[in-house]
Amino acid sequence: MENKENYELVLNHISAGESRSMDEKRYELYTHTAAMWLNHQGKHLFQDEIMARYSTTKNFGEILKMKKHEFIPGMIMQRGKKREQVYYDVWGMDVIESSDPFFPFFFACKLSHIDILNLDEFLNYHLENSYDNDTEKCFRALQLIFRRYEHLLKPDTITTANEWISVKQKNQNLSGTETSTKKARVKRDSGDNITSLNLAQTAYLINLLKESRVIIKDDTILTYKTAGEAFSLLTGYSPDTLRLKTNLKGQGELTYNDRKTVREILYGIITLIDKEISEQKGKKS
């Protein structure tokens with residue numbers, strides 16, 4: 001398990017990972033972009049500033065030869081009365097923030113260095129710390145990064161990251177459904193008469209609708225759990241209690257009067273339908 005602090009986009013860490021890629025052309029392109037970023041940040045070094053870091057080495061040429069992958073030469077800049085060559089330390093401990101326009105590039109590089117076993121944790125870290133838990137913003141940013149920097153990433157890294165997105169979206173949808181269910185559910189009390197059927201009678205009606213194929217009959221498709229959740233939204237009864245009573249099919253609780261009540265409700269529905277049919281027929285004639 002990696003230290004979560006290593007998930008930050010620290011230039012030194014990313015450069016080290018890129019240097020291990022054994023791809024000279026990729027590293028050259030990387031250091032060019034890193035130097036551009038440092039220039040954009042106004043972070044450059046002059047010769048004497050670099051030499052001050054290596055007090056045992058007096059020859060600047062030797063330092064550049066020894067650290068050729070770290071100090072990238074830049075433009076000539078005015079310094080006092082002189083114009084001097086500047087260098088960019090692409091192995092510095094600078095941190096790339098999520099608001100930085102170069103962030104997507106460095107993120108792709110860093111992502112390519114993460115062990116696939118730690119990928120979920122890495123993405124969770126940046127969802128929280130780089131995108132403030134804004135999943136929509138994070139997912140869209142990742143999709144664009146995959147598209148723009150596909151050449152920097154292994155196929156299994158992109159596949160695993162997309163799986164992470166799918167799981168997050170699924171959990172988010174489930175959470176949203178649960179929240180909607182809770183908001184829509186009415187608190188029921190015994191004998192409140194909010195609906196015309198009590199709990200046992202409602203469970204009995206669900207089974208009648210299944211038997212008559214008004215709703216899906218197959219218990220492997222419409223399980224007692226999902227039926228309970230669906231009718232909970234419509235009636236306000238607890239989904240778990242509905243699930244249990246529907247599964248028991250009212251046995252032991254359903255009385256003669258319960259069945260009679262459900263029958264009367266259904267006849268009442270038939271009466272309403274007959275009335276509408278009669279009115280339609282009257283208009284036709």
(message) With rounding to the nearest 0.5 angstrom, report the CD1 to CG distance, I215 to L209.
(response) 5.0 Å
(message) Quick one, S212 with L208, criterion side-chain contact (heavy atoms from CB on, under 4.5 Å). Give me CA distance, side-chain angles, the key distance, then yes/no.
(response) CA-CA 6 Å; S212 59; L208 290 176; 5.5 Å; no
(message) Donor-acceptor check, side chain of N118 to backbone of I114, threshold 3.5 angstrom: yes or no?
(response) no
Just list the side-chain donor-acceptor pairs under 3.5 Å for residues 92-102, sequence neighbours left out, or say none.
| unit_1 | atom_1 | unit_2 | atom_2 | d |
| --- | --- | --- | --- | --- |
| D94 | OD1 | K43 | NZ | 3.0 |
| S98 | OG | S130 | O | 3.3 |
| D100 | OD1 | W37 | NE1 | 3.4 |
| D100 | OD1 | F102 | N | 2.8 |
| D100 | OD2 | W37 | NE1 | 2.9 |
| D100 | OD2 | Q41 | NE2 | 3.0 |

(message) Under the criterion side-chain contact (heavy atoms from CB on, under 4.5 Å), I'd like the reasoning laid out for F139 against Y131: C-alpha separation, chi angles, the key distance, then a yes or no.
(response) CA-CA 10 Å; F139 297 163; Y131 296 100; over 6 Å; no
(request) Is it possible for you to say whether I273 and Y267 belong to one hydrophobic cluster, with membership spreading through side-chain heavy-atom contacts below 4.5 Å? (result) no
(request) First locate atom CG of L29, then atom CG of L152, and finally report the distance between them rounded to the nearest 0.5 Å. (result) 9.0 Å
(request) Measure the shortest side-chain to side-chain distance between V86 and L45 over non-hydrogen atoms and say whether it is less than 4.5 angstrom. (result) no
(request) Any chance you could measure R213, atom CZ, to K210, atom NZ, to the nearest 0.5 Å? (result) 11.5 Å
(message) To the nearest 0.5 Å, what is the distance between CG on L123 and CG on L127?
(response) 8.5 Å
(message) Just so I know, are the side chains of Y30 and S19 near enough to count as touching, which here means a heavy-atom distance under 4.5 Å?
(response) no
(request) Would you check if the side chain of T261 reaches a backbone N or O of N257 as a donor-acceptor pair within less than 3.5 Å? (result) yes
(request) Assess the pair F46 and H44: is the distance between their ring centroids shorter than 6.0 Å? (result) yes
(message) Could you see if I216 belongs to whatever hydrophobic cluster contains L205? Use Ile, Leu, Val, Met, Phe, Trp, Tyr and a side-chain cutoff under 4.5 Å.
(response) yes
(message) Would you say the ring centers of F105 and Y149 fall short of 6.0 Å from each other?
(response) yes
(request) For a side chain to side chain donor-acceptor pair (under 3.5 Å) with E18, tell me which candidate from H13, R26, K110 qualifies. (result) R26
(request) State, with a plain yes or no, whether a side-chain heavy atom of P73 is found less than 4.5 Å away from one of Q85. (result) yes
(request) May I ask you to decide if L153's main-chain N or O and S112's side chain share a donor-acceptor pair within less than 3.5 Å? (result) no
(request) Please answer: with hydrophobic residues joined when any side-chain heavy atoms are less than 4.5 Å apart, are F231 and L266 in the same cluster? (result) yes
(message) Quick check: closest heavy atoms across Y88 and A35, and the distance to 0.1 Å?
(response) CD1-CB, 3.8 Å
(message) Let me check something: do L197 and L234 share a hydrophobic cluster, defined by ILVMFWY side-chain heavy atoms less than 4.5 Å apart, either directly or through other members?
(response) yes
(message) Tell me whether the count of non-hydrogen atoms from other residues, nucleotides or ligands lying under 6.0 Å of CD in E136 goes above 12.
(response) no
(message) Check whether S15 reaches the backbone of V90 with its side chain - one donor and one acceptor, N or O, closer than 3.5 Å.
(response) yes
(request) For residues E276 and K281, determine if any side-chain heavy atom of one lies less than 4.5 Å from a side-chain heavy atom of the other. (result) no
(message) A side-chain contact here means heavy atoms from C-beta on lying under 4.5 Å apart; do W91 and K67 qualify?
(response) no
(request) For the residue pair D120 and V167, establish whether any side-chain heavy-atom pair is separated by less than 4.5 Å. (result) no
(request) Quick one: pull up CD1 in I269 and CD in E264 and give me the separation to the nearest 0.5 Å. (result) 12.5 Å
(request) For the pair N162 (side chain) and I158 (backbone), establish whether a donor and an acceptor sit closer than 3.5 Å, ignoring hydrogens and angles. (result) yes
(request) Quick one: pull up CD1 in I14 and CD in E8 and give me the separation to the nearest 0.5 Å. (result) 10.0 Å
(request) Report the C-alpha separation of K168 and N124 in whole Å, then their side-chain angles, then the decisive distance to 0.1 Å, and conclude whether the side-chain contact (heavy atoms from CB on, under 4.5 Å) test is met. (result) CA-CA 10 Å; K168 287 290 182 183; N124 284 330; 3.0 Å; yes
(message) I'd like to know if the side chain of D258 reaches the main chain of T255, judged simply by a donor and an acceptor atom lying under 3.5 Å from each other, with no hydrogens or angles considered.
(response) yes
(message) Can you tell me if E150 has over 12 outside heavy atoms packed within less than 6.0 Å of its CD?
(response) no
(request) Check the pair I116, T157 against side-chain contact (heavy atoms from CB on, under 4.5 Å), reporting the backbone distance first and the verdict last. (result) CA-CA 7 Å; I116 200 167; T157 296; 5.6 Å; no
(request) Kindly say whether M51 contributes a backbone atom to a donor-acceptor pair with the side chain of E49 at under 3.5 angstrom? (result) no
(request) Take Q47 and Y87, measure what side-chain hydrogen bond (donor to acceptor under 3.5 Å, both in side chains) needs, and give me the verdict at the end. (result) CA-CA 8 Å; Q47 178 176 323; Y87 299 85; 5.4 Å; no
(message) Between D132 (side chain only) and D134 (backbone N and O only), is there a donor and an acceptor less than 3.5 Å apart?
(response) no
(message) Is it the case that atom CD in E28 sees more than 12 heavy atoms from other parts of the structure closer than 6.0 Å?
(response) no
(message) What I'd like to find out is whether the side chain of F60 reaches to under 4.5 Å of the side chain of I50, using heavy atoms alone.
(response) yes
(message) On a heavy-atom basis, which atom in L119 and which in A161 lie closest, and how many Å separate them?
(response) CD2-N, 4.0 Å
(message) Are Y7 and N129 packed together at the side-chain level, in the sense that at least one heavy-atom pair is separated by less than 4.5 angstrom?
(response) no
(request) Please find out if less than 6.0 Å separates the ring center of F107 from that of F122. (result) yes
(message) Please list all pairs meeting salt bridge (charged side-chain N to carboxylate O under 4.0 Å, His left out) that have one or both residues in residues 83-92, counting only residues at least two apart or in different chains.
(response) R53-D89, R79-E84, K82-E84
(request) Please confirm whether the backbone N or O of N198 pairs with a side-chain atom of Q201, one donor and one acceptor, at under 3.5 Å? (result) yes
(message) Test of understanding: clusters of I, L, V, M, F, W, Y form through side-chain heavy atoms closer than 4.5 Å, transitively. Do L272 and I265 belong to the same one?
(response) no
